[in-house]
Structures are given as C-alpha cells and as structure tokens.
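Step one of this worksheet: look at the structure below.
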Amino acid sequence: MAAVVVNADGGVAPLDSDSASPRTPSPAPEQPLQNNALLGLPIVAIENILNFLSYDEISLLRLVCKRMDVICQRVLNQGFLKVERYHSLCQKQVKAQLPRRESERRNHSLARHADILAAVETRLSLLNMTFMKYVDSNLCCFIPGKVIDEIYRVLRYVNSTRAPQRAHEVLQELRDISSMAMEYFDEKIVPILKKRLPGADLSGRLIGSAPVAGPSTSLTTMSLLAKNTPSRSEMTKVQQQVKVNGASMTALRREMQEVRVKQLEQQKQLQDQEQKQLEQSQVIGEQNARLAELEHKLRELMDSAAVGESGLCLKRPRKCSDLPRHSKRLRSKK
C-alpha cells in the first residue's frame, strides 16, 4: 500500500518507498518589496521619513524605483503647496503690521520684508503657471525640489531677521535656479507632455500636418465630420431646450426683481420702525423725567405734612396742663 503525503497547498502526493522524504513543491518567488524593509512600509510612514530630508534630496530619490518615484512625486507636490501657504501666512503677518498709507510704508522698518515677500509671490505665480497645469493633469510632478528649499530659506530669513538685505541680494539665487528650471521644463519636458495631454492626438490629426490628398484621407475626414455634425432631430431638441432655458431664465429674472422689490419694502419698513422706536424711547424718557419730578414733589409734601403734625402734638400738652390751674381759680371764687 502506497503512503500518501498531504502537501502544503492542500494537494495529495504519493510517497515512494525509495525516497525517505516527500516531494515538496518548488517555493514561490518572493516579492521585490519584501527584500527592502523601507519600501515595505506604508506610504504615510515613508513620507514621514522623507520629511527629514531636503526637497532636493527627495527629487534625487525618484531614481530608486517606481514606488519611490510615486511617493517622491507626491511629497514634492505637497511641498510646493505647503510653501505657498507658508508664504501667504508670512505676507499676512507683515501686512498686518504695516501702515495703510504707502508713503508711510516706504519708511517703515518692515518695508524690505514686504518687498522680498512680493518678489517671492511673483516667483511662485510663475512657477505655478509653468508646472501646475501638468501637475493637475497627473502628467508630472513639481520637479525642481531645490527651488522649494530656496523659497523656504528666503522666507525663514525674512522671519528671523529684523533688518534684512535688499531684495535683489536675497533673491539672486532663487531667481537663477527658478528661471533655469522653468526654461529647461519649457524646452525639454513640455513637448513630451503635450503629446500625453487628452485630445492631443485628435488635435494633431486635424490641426497638424496637412494630409496627402487621396480617397482614404477624404473618407477619414468625412467620417470625422459625420461623427461631429449633429442631426436635425438633435438640433430641434437643442433649440427646444434653449427655448425652455430662456423661458426659465426670464421667470427667474422676474422672481429676482420681485424679491429685490420686497427686500426694498422690508428695508423701508425697518427704517420706519426704527424711527418709531426712537420716538417712543424719547417719549418714555420724558415721561420718566416727569414721574421723577412728581415723586420728588410728593416726597416734599409728605415731609411737610409730617412736620406739621409733629408741631400740633407738641402744642396740645401745654394747653392740657393749664386746665387744673383754671379749675382751682374757679373754686376759690366760689
């Protein structure tokens, strides 16, 4: 009777009498991420580790592998957005301390700070217009990490010094590297990315090089025009929809006008009520003053009445004491 051995994957295999051990299946190849402990970590942990490096070093780490490239692209994009927020915060703090008049701002101690921040704002807007169009379409990332490091250096220098140098001296390095990065991106990388933009193939076919005349080209152009031109039923539907939308727009405009009229009427009513309230408050104040005067007069009358009653009570006992003497005189006369 042949012996039977259960494999690790649940299968059954016979055990030969000659062999002392069962036939084991060949081990599966290990995944490449398991060999590297860093790349096996979650993305959040890797991003926290990369935050200890400069953005220039992070841009160089994109050459390691595809996973590291994706993570570094995400960190670079977030770094550009963070530096924009940090610049806006610094600019708000400086503007809050500056006077409102421009003549007084020139002689203020924070005038150079404001000039440097304004120049950094123009650089950020240029970089945004150059890179973020393709970053938003997920075609690339914010490539020059050294530019982000330089912007952070300038902003920290402005925040830490009370009397900074002139703007052209502080921003010389930033202008040089940012201009070189934008020129290289426009000349070398943008032509490659434009081919990957959605709709680039169709626009290249229609607007690009002129096709050679022939039956195939005429058929393709006719098919494209047939696909793009709508039918009469679709046109009538569109016209009806336009009419419906126009009627709804006119109704909405009328409703808006009615609402505005009602709002004006309510504002007038509120103004009238406020005037009436002021008049009533004045009348109430006058009545309170009259009541106070009347109370004062009543108190004086009460005080005078009390004084008169006390004087009468003092005079009556003297007259009562004279009565026994008068009675004695009458008795002596009798």
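Small disclaimer: the values here were computed from a predicted structure and weren't measured.
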Enumerate the residue pairs fulfilling side-chain hydrogen bond (donor to acceptor under 3.5 Å, both in side chains) with a member in residues 87-98, sequence neighbours excluded, ordered by first and then second residue.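 Passing the test, one end in residues 87-98: Gln91-Glu121.
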Holding to side chain to side chain contact (heavy atoms under 4.5 Å, CB included), I want the full list of residues that pass it with [X], two or more places apart in sequence or in another chain.
| X | value |
| --- | --- |
| Cys90 | Tyr86, Leu117, Asn159 |
| Asp176 | Gln172 |
| Asp136 | Met132 |

Heavy-atom neighbours of Tyr184 OH exceed 12 at 6.0 Å: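 It does not: Tyr184 OH has 12 such atoms or fewer within range.
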Name all pairs fulfilling the salt bridge (Lys or Arg N to Asp or Glu O under 4.0 Å) condition that reach into residues 152-171, sequence neighbours left out, sorted by first residue then second.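 For residues 152-171, and leaving out neighbouring residues, the salt bridge (Lys or Arg N to Asp or Glu O under 4.0 Å) pairs sorted by first residue read Glu150-Arg153.
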Salt bridge (Lys or Arg N to Asp or Glu O under 4.0 Å) partners of residues 261-276, not counting sequence neighbours, each pair once: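 Sorted pair list comes back empty.
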Looking only at atom types and distance, does a side-chain atom of Asn128 sit under 3.5 Å from a main-chain N or O of Leu124, one as donor and one as acceptor?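 Such a contact is absent between Asn128 side chain and Leu124 backbone.
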Quiz: residues 42-59 side-chain donor-acceptor pairs under 3.5 angstrom, not counting sequence neighbours:
{"residue": "Glu47", "atom": "OE2", "partner": "Arg74", "partner atom": "NE", "Å": "3.1"}
{"residue": "Asn48", "atom": "ND2", "partner": "Val44", "partner atom": "O", "Å": "3.2"}
{"residue": "Asn51", "atom": "ND2", "partner": "Glu47", "partner atom": "O", "Å": "3.2"}
{"residue": "Ser54", "atom": "OG", "partner": "Glu57", "partner atom": "N", "Å": "3.4"}
{"residue": "Glu57", "atom": "OE1", "partner": "Ser54", "partner atom": "N", "Å": "3.4"}
{"residue": "Ser59", "atom": "OG", "partner": "Tyr55", "partner atom": "O", "Å": "3.4"}
{"residue": "Ser59", "atom": "OG", "partner": "Asp56", "partner atom": "O", "Å": "2.5"}

Among all residues two or more places apart in sequence or in another chain, which pass the salt bridge (charged side-chain N to carboxylate O under 4.0 Å, His left out) test with Asp69?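 Scan of Asp69 (salt bridge (charged side-chain N to carboxylate O under 4.0 Å, His left out), adjacent residues dropped) gives Arg62.
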Does Ser178 have any side chain to side chain donor-acceptor pair (under 3.5 Å) partners at least two apart in sequence or in another chain, and if so, which?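 Ser178 satisfies side chain to side chain donor-acceptor pair (under 3.5 Å) with Arg123 only.
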For Arg112, side chain to side chain donor-acceptor pair (under 3.5 Å) partners two or more places apart: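 Arg112: no side chain to side chain donor-acceptor pair (under 3.5 Å) contacts found.
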Donor-acceptor contacts, no H, no angles, side chain residues 277-295, under 3.5 Å, sequence neighbours left out:
{"residue": "Ser281", "atom": "OG", "partner": "Gln277", "partner atom": "O", "Å": "3.2"}
{"residue": "Ser281", "atom": "OG", "partner": "Leu278", "partner atom": "O", "Å": "2.5"}
{"residue": "Asn288", "atom": "ND2", "partner": "Ile284", "partner atom": "O", "Å": "3.0"}

What ring-ring contact (aromatic ring centres under 6.0 Å, His included) pairs are there with at least one residue in residues 110-134, not counting sequence neighbours?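 Of all non-adjacent pairs touching residues 110-134, those that pass ring-ring contact (aromatic ring centres under 6.0 Å, His included) are Phe131-Phe142, Phe131-Phe185, Tyr134-Phe185.
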For a 4.5 angstrom cut-off between non-hydrogen side-chain atoms, does Val154 reach Ile116?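 Val154 vs Ile116: side chains touch.
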